[in-house]
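Computed from a predicted structure; not experimentally measured. Atom set for the values below is all heavy atoms of this structure, side chains included, hydrogens, waters and symmetry mates excluded.
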Amino acid sequence: MKNLKIDETKYTPEMTFDPETLVIAIKGKSYPENTEEFYKPAFEWLEKNLSDLGKKGLTVNLELIYFNSSSSKALMNFFDMLEESVDNGDNITVNWMYEEDNESILEYGEEFLEDIETLPFNLVPLKSRE
Amino acid sequence: MTDCIFELKNDLNKNGIFFCFSGPISQDLIVEIGDTLKNKMRLEDASKSSMRLVFSIIIEQAQNIIYYSEEKVRPWSAGVNAGSISVGIITVAKKDNSYIITSGNMIKTEHVDKLKEKIEKIKGMGKDELKQYYKSQRKKDPDEDSKGAGLGLIDIARKVSKPLEYNFSSIDETVSFFTVTTVVAEGL
């Protein structure tokens, strides 16, 4: 299983999908011009590898400081996919990290949590960097 | 031309507009616009929360121009197959402690009624209704003619301090000019 690494740009996050450490990390801003196209490699990777990783126990760390509305849709699709995997008996935990004073990211996290039923989803405060 | 620019500058000042761009809008330009505004607001000691709101609204409005503007240019240096760039206008004003973001672009006249209906529907919703509508649309597949997730306007409506204002100016049977104005009050 190959890892997937996509570098950060001014408007897209850094993504690291590592089958060895069993951690998926997405960090930064997300407002690509074409969101579907940007996240396509990530979703393709997940389709191939998610069930194997879920059995071993996968951690998903999300540390987004800003995302646009179409990225919010992509995240919902992502959580739906993870939840389906959990419903099939896999072990996945999502950590939604937000800077303490970024109430907007916290609220988005809370709203995702409301729409999630079985996927373990933690809201994790971080010290503000500014 | 010299006189016209001076008049334009005076008009902008009169309306409290401190930022204005009219022309082809690329993704890279959106990044610059966002950063420029953040810096300007930082100088004015704007709160972090209103900076975030203004930033996120301007990105949604600007990306709507990229997605839906009917006016396009092709970069002169690019080849025949190069993608075209959408043209639109974005202004930001500050008045009475509020930031006012106005954007405009050409749209197909045949889309006017549908867009009007969508905005009116959103304008008629309260905070909780908007939240539920946002969430239900996020779960659905976007409309066929939607190029993002179809969530932009709902997301904007959830962030503004006053109801959205909009206008359609009919140009001819095929194109109309669409303008939308959003207001973020400082200190919210």
Using the rule that two of Ile, Leu, Val, Met, Phe, Trp, Tyr join whenever any of their side-chain heavy atoms come within less than 4.5 Å, decide whether [X] and [Y] are in one cluster.
X: A:L82; Y: A:W96; answer: yes
X: B:I85; Y: B:V175; answer: no
X: B:V112; Y: B:I122; answer: yes
X: B:I119; Y: B:V160; answer: yes
X: B:V180; Y: B:I57; answer: yes

Does atom [atom1] ([X]) have a neighbourhood of more than 12 heavy atoms from anything else shown, all under 6.0 Å?
X: B:K9; atom1: NZ; answer: no
X: B:K121; atom1: NZ; answer: no
X: B:D96; atom1: CG; answer: no
X: B:E165; atom1: CD; answer: no
X: A:K48; atom1: NZ; answer: no

### Query
Do A:N68 and B:Q63 have side-chain N/O donor and acceptor atoms under 3.5 Å apart?
yes
### Stepwise side-chain contact (heavy atoms from CB on, under 4.5 Å) check, A:S72 with B:Y134
CA-CA 10 Å; A:S72 163; B:Y134 175 85; 2.8 Å; yes
### Message
Could you walk me through whether A:S128 and B:K48 satisfy the side-chain contact (heavy atoms from CB on, under 4.5 Å) test, starting with their C-alpha distance in whole Å, then the side-chain angles of each, then the deciding distance to 0.1 Å, before giving a yes or no?
### Response
CA-CA 12 Å; A:S128 172; B:K48 274 191 184 176; 3.8 Å; yes
Roughly how far, to the nearest 0.5 Å, is the [atom2] atom of [Y] from the [atom1] atom of [X]?
X: B:F55; Y: A:K29; atom1: CZ; atom2: NZ; answer: 5.5 Å
X: A:E33; Y: B:I66; atom1: CD; atom2: CD1; answer: 4.5 Å
X: B:N64; Y: A:S69; atom1: CG; atom2: OG; answer: 7.5 Å
X: A:S104; Y: B:L53; atom1: OG; atom2: CG; answer: 7.0 Å
X: A:M76; Y: B:R138; atom1: CE; atom2: CZ; answer: 5.5 Å

#### Entry: Residue-level interface, residues 107-123 of chain A with chain B, non-hydrogen cut-off under 4.5 Å
A:Y108, A:E111, A:F112, A:E114, A:D115
#### Entry: Residue pairs passing the ring pair (Phe, Tyr, Trp, His ring centres under 6.0 Å) test where at least one lies in residues 150-178 of chain B, sequence neighbours excluded
B:Y166-B:F168, B:F168-B:F178
## Note on the structure
In short, A:S70 meets B:Y67 closest at the heavy-atom pair OG-OH, 4.1 Å
### Task
Using the side-chain contact (heavy atoms from CB on, under 4.5 Å) rule, take A:K10 and B:E32 through it: C-alpha gap first, then chi angles, then the decisive distance, then the call.
CA-CA 10 Å; A:K10 281 179 184 171; B:E32 295 302 327; 3.6 Å; yes
### Pairwise side-chain contact, A:Y11 with B:D28, heavy-atom cut-off 4.5 Å (strictly under)
yes
### Message
Any heavy-atom pair between the side chains of B:R52 and A:Y66 that's under 4.5 Å?
### Response
no
### Task
Below 4.5 Å from any heavy atom of chain B, which atoms of A:D80 appear? Answer side chain, backbone, both or neither.
side chain
### Task
Say whether, by atom type as modelled, one donor and one acceptor occur between the side chain of B:Q27 and the main chain of A:Y31 under 3.5 angstrom.
yes
### Task
Measure distances from B:K139 to the heavy atoms of chain A and classify the residue's part below 4.5 Å as side chain, backbone, both or neither.
both
